[in-house]
Amino acid sequence: MNEALEEALLAEWTAVRSLWGGDDSWVGDALRPVIESAFVSPELRALFPFTSGNRLCFSRCSYYPFTLDSPCIAAWPDEYIVEPLWAVTDEPAPELVRTTDLDLAIMTVVDNLPSNRAAWLGDADHPPD
């Protein structure tokens with residue numbers, strides 16, 4: 001991984017941790033432990049984090065539009081729902097697991113990441129050659 005990519009990943013994780021670290025709403029309370037657990041996972045820390053509502057999502061690219069090939073975690077008070085990917089739709093999202101065990105939720109995300117996890121600077125419309 002090149003230095004610019006490493007710096008961008010760390011900056012994005014720092015921003016997400018900072019943003020939700022001071023949020024005392026139920027969403028902030030639910031997301032904070034998910035963000036911190038994901039950050040200590042090498043597989044997830046190598047992806048760009050972003051949030052959507054109460055979901056922590058992961059992208060292989062640094063800017064919107066993000067890649068939509070990684071699972072995300074919907075954080076609720078005392079419950080985590082791992083969805084196969086982030087999508088904005090009126091339909092209920094399919095679930096890979098619904099659990100109160102955050103470690104199981106993180107493991108489920110890692111186990112369902114795409115085989116190609118190469119991250120890049122840019123957006124999903126302009127992947128590297």
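Bear in mind that the values here come from a model prediction, so they are computed numbers and not experimental data.
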Between CG on residue L44 and OG on residue S37, distance to nearest 0.5 Å = 10.0 Å

Minimum heavy-atom distance A124-C61, with the two atoms named | N-SG, 3.3 Å

Hey, are E43 and R117 close enough for a salt bridge, meaning a charged N less than 4.0 Å from a carboxylate O?
-> no

Not counting sequence neighbours, list each pair that qualifies as a salt bridge (Lys or Arg N to Asp or Glu O under 4.0 Å) and has a residue in residues 15-26.
-> R17-E36

Shortest non-hydrogen contact from P84 to L96?
-> CA-CD1, 3.8 Å

List the atom of G53, the atom of V27, and the distance in Å for their closest heavy-atom pair.
-> O-CG1, 3.7 Å

Kindly indicate, with the supporting measurements, whether the criterion side chain to side chain contact (heavy atoms under 4.5 Å, CB included) is fulfilled by V97 and I81.
-> CA-CA 6 Å; V97 70; I81 302 169; over 6 Å; no

Between side-chain atoms of residues 7-14 and protein atoms elsewhere (two or more places apart, or another chain), which donor-acceptor pairs fall under 3.5 Å?
unit_1, atom_1, unit_2, atom_2, d
W13, NE1, R45, O, 3.3
W13, NE1, L47, O, 3.0
T14, OG1, L10, O, 2.8

Applying side-chain contact (heavy atoms from CB on, under 4.5 Å) between I73 and each of L31, V82, I35, T108, report the one that passes.
-> V82

Starting from the C-alpha separation in whole Å, work towards a yes-or-no answer on side chain to side chain contact (heavy atoms under 4.5 Å, CB included) for D111 and M107.
-> CA-CA 6 Å; D111 288 347; M107 184 177 65; 3.6 Å; yes

Do the side chains of V110 and F48 join up, straight or via other hydrophobic residues, at under 4.5 Å, putting them in one cluster?
-> no

Rounded to the nearest 0.5 Å, the CG atom of D103 sits from the OG atom of S41 at a distance of 10.5 Å

Side-chain heavy atoms under 4.5 angstrom apart, residues restricted to Ile, Leu, Val, Met, Phe, Trp, Tyr: same cluster for V34 and L104?
-> yes

Spacing of OG1 belonging to T99 relative to CD1 belonging to I106, to within rounding of 0.5 Å | 11.5 Å

Which pairs count as salt bridge (Lys or Arg N to Asp or Glu O under 4.0 Å) when at least one residue sits in residues 56-67, sequence neighbours excluded?
-> R60-D69

Audit row: E95, R98, side chain to side chain contact (heavy atoms under 4.5 Å, CB included) steps and yes/no | CA-CA 7 Å; E95 298 175 7; R98 178 183 291 251; 2.5 Å; yes

Which pair of non-hydrogen atoms, one from Y80 and one from D101, has the smallest distance, and what is that distance?
-> CD1-C, 4.2 Å

Residue pair T67, W120: steps toward the side chain to side chain contact (heavy atoms under 4.5 Å, CB included) verdict = CA-CA 11 Å; T67 58; W120 69 90; 3.6 Å; yes

When rounded to the nearest 0.5 Å, the distance separating CZ of F66 from SG of C57 is 9.0 Å

When you look at CG of D125, are more than 12 heavy atoms from neighbouring residues, nucleotides or ligands closer to it than 6.0 Å?
-> yes

Hey, is CH2 on W26 packed in by over 12 heavy atoms from elsewhere, all under 6.0 Å?
-> yes

Answer yes or no: is there a donor N or O on one side and an acceptor on the other, between the side chain of N54 and the main chain of A75, under 3.5 Å?
-> yes

Of the non-hydrogen atoms in G28 and W20, which two are nearest, and what is the gap between them?
-> CA-CE3, 3.6 Å

State, to 0.1 Å, how close P33 and L102 come at their nearest heavy-atom pair, and which atoms those are.
-> O-CD2, 3.4 Å

